[in-house]
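What follows is one structure encoded as structure tokens, with my remarks underneath.
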Amino acid sequence: QVQLVESGGGSVQAGGSLRLSCVASRNTPYCMGWFRQAPGKEREGVAIIATYGGSTYYADSVKGRFTISQDNANGTLYLQMNSLKPEDTAMYYCAAQRQEDFARWGCTYYNELRQYSYWGQGTQVTVSS
């Protein structure tokens with residue numbers, strides 16, 4: 001079992017920046033990602049990273065504004081969010097694959113929640129206009 005703990009959320013004005021962090025209880029050498037869920041909407045993928053090779057994939061809505069990265073030395077996943085918009089307001093979740101998830105699905109599509117077995121509790125991001 002892997003525990004994921006997110007931090008870094010907060011309230012900012014449109015155009016501002018935030019950096020989210022996700023600390024994993026142990027190494028997760030497959031695929032990790034960030035997802036978000038706005039009130040009344042389904043959870044959606046934001047960005048994923050293949051932790052073993054570094055390939056990244058983004059939702060069109062965040063390309064050029066958000067950057068996913070990792071620090072393998074301290075087991076931390078990041079999401080740098082720039083030029084934030086009110087529509088980015090959501091609870092942001094960190095997710096990680098088990099070996100079985102990776103064997104079945106690989107790590108090439110950012111918006112498949114079912115491909116991730118481990119989830120954090122989320123951190124709230126609120127962007128005001």
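No hydrogens, no waters, no symmetry mates; every other heavy atom, side chains included, goes into these values.
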Non-hydrogen side-chain atoms of [X] and [Y] separated by less than 4.5 Å:
{"X": "Y78", "Y": "S69", "value": "yes"}
{"X": "Y30", "Y": "C107", "value": "no"}
{"X": "E44", "Y": "N111", "value": "yes"}
{"X": "W119", "Y": "L113", "value": "yes"}
{"X": "T56", "Y": "I48", "value": "no"}
{"X": "L84", "Y": "L18", "value": "yes"}
{"X": "Y118", "Y": "Q3", "value": "no"}

[X] side, atom [atom1]; [Y] side, atom [atom2] - distance, nearest 0.5 Å:
{"X": "M81", "Y": "S17", "atom1": "CE", "atom2": "OG", "result": "8.5 Å"}
{"X": "C31", "Y": "R98", "atom1": "SG", "atom2": "CZ", "result": "14.5 Å"}
{"X": "L4", "Y": "S25", "atom1": "CG", "atom2": "OG", "result": "7.0 Å"}
{"X": "M32", "Y": "Y116", "atom1": "CE", "atom2": "OH", "result": "9.5 Å"}
{"X": "I49", "Y": "Q70", "atom1": "CD1", "atom2": "CD", "result": "4.0 Å"}
{"X": "L77", "Y": "T28", "atom1": "CG", "atom2": "OG1", "result": "8.0 Å"}

Ring centers of Y110, F35 separated by less than 6.0 Å: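 No: the rings miss the under 6.0 Å criterion.
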Per-pair distances, 0.1 Å, donor-acceptor, side chain in residues 122-129, under 3.5 Å, sequence neighbours excluded:
unit_1: T123; atom_1: OG1; unit_2: G9; atom_2: N; d: 3.0
unit_1: Q124; atom_1: NE2; unit_2: A90; atom_2: O; d: 3.4
unit_1: Q124; atom_1: NE2; unit_2: T126; atom_2: OG1; d: 3.4
unit_1: S128; atom_1: OG; unit_2: V12; atom_2: O; d: 3.4

Under 3.5 Å side-chain donor-acceptor pair for R65 and S83: no
Check against side-chain contact (heavy atoms from CB on, under 4.5 Å), W34 and C94: CA-CA 5 Å; W34 289 97; C94 174; 4.1 Å; yes
Q99 atom CD: more than 12 heavy-atom contacts under 6.0 Å: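 Counting other residues, nucleotides and ligands, CD of Q99 exceeds 12 neighbours.
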More than 12 heavy atoms of other groups within 6.0 Å of Q13 CD: no
Where Y58 and A47 come nearest, the two heavy atoms and their spacing: CD2-CB, 3.5 Å
From V46, N82, L20, residue fulfilling side-chain contact (heavy atoms from CB on, under 4.5 Å) relative to F66: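 Exactly one pass, corresponding to V46.
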Short N-O contact, D60 and K63, less than 4.0 angstrom: yes
Spell out, as yes or no, whether a donor-acceptor pair under 3.5 Å connects the side chain of [X] to the backbone of [Y].
{"X": "T76", "Y": "N74", "answer": "yes"}
{"X": "E6", "Y": "Q121", "answer": "yes"}
{"X": "Q97", "Y": "G106", "answer": "yes"}
{"X": "E100", "Y": "R104", "answer": "no"}

R36 charged N/C atom sitting above Y93 aromatic ring, 6.0 Å / 45°: no
